[in-house]
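Indexing begins at 1, ligand by ligand and atom by atom, following the structure's order.
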Amino acid sequence: MTVTSTRFTNRRAPCGRLTDGEHSESRDNQGLVSDQMLFDCGCKKSREEYHDGSIEETTVKHDGKLLSHETISEHGA
Ligand SMILES: [Zn+2]
């Protein structure tokens with residue numbers, strides 16, 4: 001598993017604030033990708049790609065409230 005982590009500055013968090021934060025991306029041996037944005041205010045955005053090609057995206061506000069949770073399937077309905 002490889003984890004790449006980078007700092008970012010002045011990005012708009014899900015709550016609307018402009019804030020700094022950290023972006024991290026991890027990749028396992030089979031190519032599964034997990035992508036996370038952690039804002040300094042506490043907001044969090046994550047995106048996971050699964051082996052079957054589906055993608056899950058979650059946005060959580062700094063107070064812990066789930067703002068959006070989406071699963072996108074490559075296979076269609
Ligand atoms: Zn926030």
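Contact annotation: the side chain of V60 never approaches that of L67 to less than 4.5 Å [non-hydrogen atoms, C-beta and beyond].
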Show the atom names and distances, to 0.1 Å, of all donor-acceptor pairs under 3.5 Å that link a side chain in residues 39-47 to residues at least two apart or in another chain.
from : atom 1 : to  : atom 2 : distance (Å)
D40  : OD2    : R7  : NH2    : 3.2
R47  : NH1    : E57 : OE2    : 3.0

Hey, can you pull the donor-acceptor pairs under 3.5 Å for the side chains in residues 13-22, sequence neighbours left out?
from : atom 1 : to  : atom 2 : distance (Å)
D20  : OD1    : N10 : N      : 3.0
E22  : OE2    : S5  : OG     : 3.1

Kindly list each side-chain donor-acceptor pair under 3.5 angstrom involving residues 23-33, sequence neighbours excluded, with atom names and distances?
from : atom 1 : to  : atom 2 : distance (Å)
H23  : NE2    : D35 : OD1    : 3.0
H23  : NE2    : D35 : OD2    : 3.4
D28  : OD1    : Q30 : N      : 2.9
D28  : OD1    : G31 : N      : 3.1
D28  : OD1    : L32 : N      : 2.9

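Each protein N/O/S atom under 2.8 Å from the Zn ion (ligand 1) was counted, for a total of 4.
The distance from atom CD1 of I55 to atom OG1 of T71, rounded to the nearest 0.5 Å, is 10.5 Å. Between the OH atom in Y50 and the CD1 atom in I72 there is a gap of 11.5 Å [rounded to 0.5 Å].
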